[in-house]
There are 2 protein chains.
Amino acid sequence: MDTKTRILESALKLYNEKGIDATTRHIAAGMGISAGNLHYHFKHTDDIIITLWDQLATEFDQLVSRLGQATEISLDSLHSFYYQSFQTLYKYRFIFLHFVAIGIRIPTIQEHYRSLMQRREKEFKAIFRILIRNGIFRKDIPEAVWTALVRQIFIVSDFWLSNNELTDRLRDKEAAIAFTKQMESMFFPYLSKS
Amino acid sequence: MDTKTRILESALKLYNEKGIDATTRHIAAGMGISAGNLHYHFKHTDDIIITLWDQLATEFDQLVSRLGQATEISLDSLHSFYYQSFQTLYKYRFIFLHFVAIGIRIPTIQEHYRSLMQRREKEFKAIFRILIRNGIFRKDIPEAVWTALVRQIFIVSDFWLSNNELTDRLRDKEAAIAFTKQMESMFFPYLSKS
DNA sequence: ATAAAATTAGTACATTTGTTCTAAATTATA
DNA sequence: TATAATTTAGAACAAATGTACTAATTTTAT
């Protein structure tokens, strides 16, 4: 396999395990190459993080566009979206566990995230409108509360892993189940009574 | 003022501004003392963070116990609790902005947080039961959803600042208002229709 | 006022880190 | 096969950091 790809894999593994302060020397050692060689492929350490961020963003975009293309959006499609999302969140978990530090260190990532969230907010509100029209969501919820729900979804999606890391430390399958249950429960009080 | 207290103030200021990687040299320079002097008062850098964490925990405990002592818990008392909470969250915001990194670096803090959250979960559920009995909260919500709501509250409380830092970057009063509004909206769909 | 204790500044050191440089080795190309 | 391009390892460097140490200064106690 490509050395560049192998570096990204080793970096992802180590960042997820040891956090954002894992060094290029450790990343290189972890895959049995020299630090000099690593810096031949990635001149700056941050380039590795930027590349991993781009991978994450791409994988997420695919999930979102697949959700948007669904012929008829149901609660189930929303739930399966969250289950699939978690696989990506978990794969790149070091980003979410150290999100602010990364944003400070690499402002372009923060800027990218910011514009991404603005786009997503509109997409989610559109989905909510459909679910209201279809009688799945309640019709008596003020607009401001839907706006707050969108932000709530973003916060819980992005930081559930951090909370898990500080408390239960669930891994893999167990974590996925707990995350999905958390998201499902979030929607419960917004469902219309039928 | 006590040099030890002044170090804590300078550290808090710098950690909030520059993040968890602010150095003892910078903290000392920021208040016009030598690094040697700083290490006379705090042998290890982490001792500063631990002390700040203890301060935060103490201030929060006072808020929670004041809420628990209220003669009759209403929605208003819950809202004013969140408004007051935010002052403390904001004062020690570096902790929440770098929560996982701190937890990894100082395991005693993580352990303390974990047991704190277990205690708080019970306290919150007790409050919810009162609000249900008083007809303020809906009676048709399954127990599992209340449990999820508690976790939701913890996640949004602890990481709203991180989300804000990555998106809107609201400060002071504006941040407090947005946070409180977010928390209020969270409870809206759980209110009984009266 | 003097001795003792506490505080402070400044130097020094070992370690770590990102990165550069050089030369060797490997791979591709003609 | 000979040459050029790419890849790799390893040494070297400068900067930063935590913290230990020393000597001076300030404060406190007698």
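Chain letters run A, B, ... following the sequence lines, proteins first, then strands; residues in each count from 1.
For B/T3, counting side-chain heavy atoms from C-beta on, the closest listed nucleotide (C/dT8, D/dA9, D/dT8) is C/dT8. Here the nucleotide nearest the side chain of B/R25, chosen from D/dC13, D/dT17, C/dT8, is D/dT17.
When the C1' atom of C/dT8 is taken as reference, atom CZ of B/R6 falls 12 Å away, rounded to whole Å. Per the geometry, CD1 belonging to A/I49 stands 10 Å off P belonging to C/dG18, to the nearest Å. Rounding to whole angstrom units, CG of residue A/D2 and C1' of D/dT8 are separated by 14 Å. As a whole-Å value, the separation of A/I48 CD1 from C/dG18 P is 9 Å. Taking atom CD1 on B/I7 and atom P on C/dA9, their separation rounds to 10 Å, with Å as the unit. Look at CG on B/L38: it is 12 Å from C1' on C/dT8, rounded to the nearest Å. Atom CZ in B/F42 sits about 13 Å away from atom P in D/dT19, given to the nearest Å. Taking atom NE2 of residue B/H39 and atom C1' of nucleotide D/dT19, one finds them 6 Å apart after rounding to whole Å.
Note on A/E184 versus A/K181: no salt bridge recorded, every NZ/NE/NH1/NH2 to OD/OE distance being 4.0 Å or above. Checked for salt-bridge contact, A/R105 and B/D21 miss the test: no charged N lies under 4.0 Å from a carboxylate O. Salt-bridge check for A/R114 with A/E111: passed, with a basic side-chain N closer than 4.0 Å to an acidic carboxylate O.
For D/dT6, the OP1/OP2 oxygens have no side-chain nitrogen or oxygen of A/H41 closer than 4.0 Å. One finds no side-chain N or O of A/N37 lying less than 4.0 angstrom from the OP1 or OP2 phosphate oxygen of D/dT7. In this model, the phosphate group of D/dT8 is not approached by any side-chain N or O of A/Y40 to a distance below 4.0 Å at OP1 or OP2. An OP1 or OP2 oxygen of C/dT8 is reached within less than 4.0 angstrom by no side-chain nitrogen or oxygen of B/S34. Between A/H44 and C/dT19 there is a side-chain N or O to OP1 or OP2 distance below 4.0 Å. Residue B/T45 places at least one side-chain N or O closer than 4.0 Å to OP1 or OP2 of D/dT19. Taking side-chain N and O atoms only, B/T23 has no distance below 4.0 Å to OP1 or OP2 of D/dA16.
Each of B/F99, B/F159, B/F124, B/Y113 was evaluated against B/F154; a single residue qualifies, B/F124, per the ring-ring contact (aromatic ring centres under 6.0 Å, His included) test.
Stacking of B/R93 on the aromatic ring of B/F96 is not recorded, the 6.0 Å distance cut-off and the 45° axial limit not both being met.
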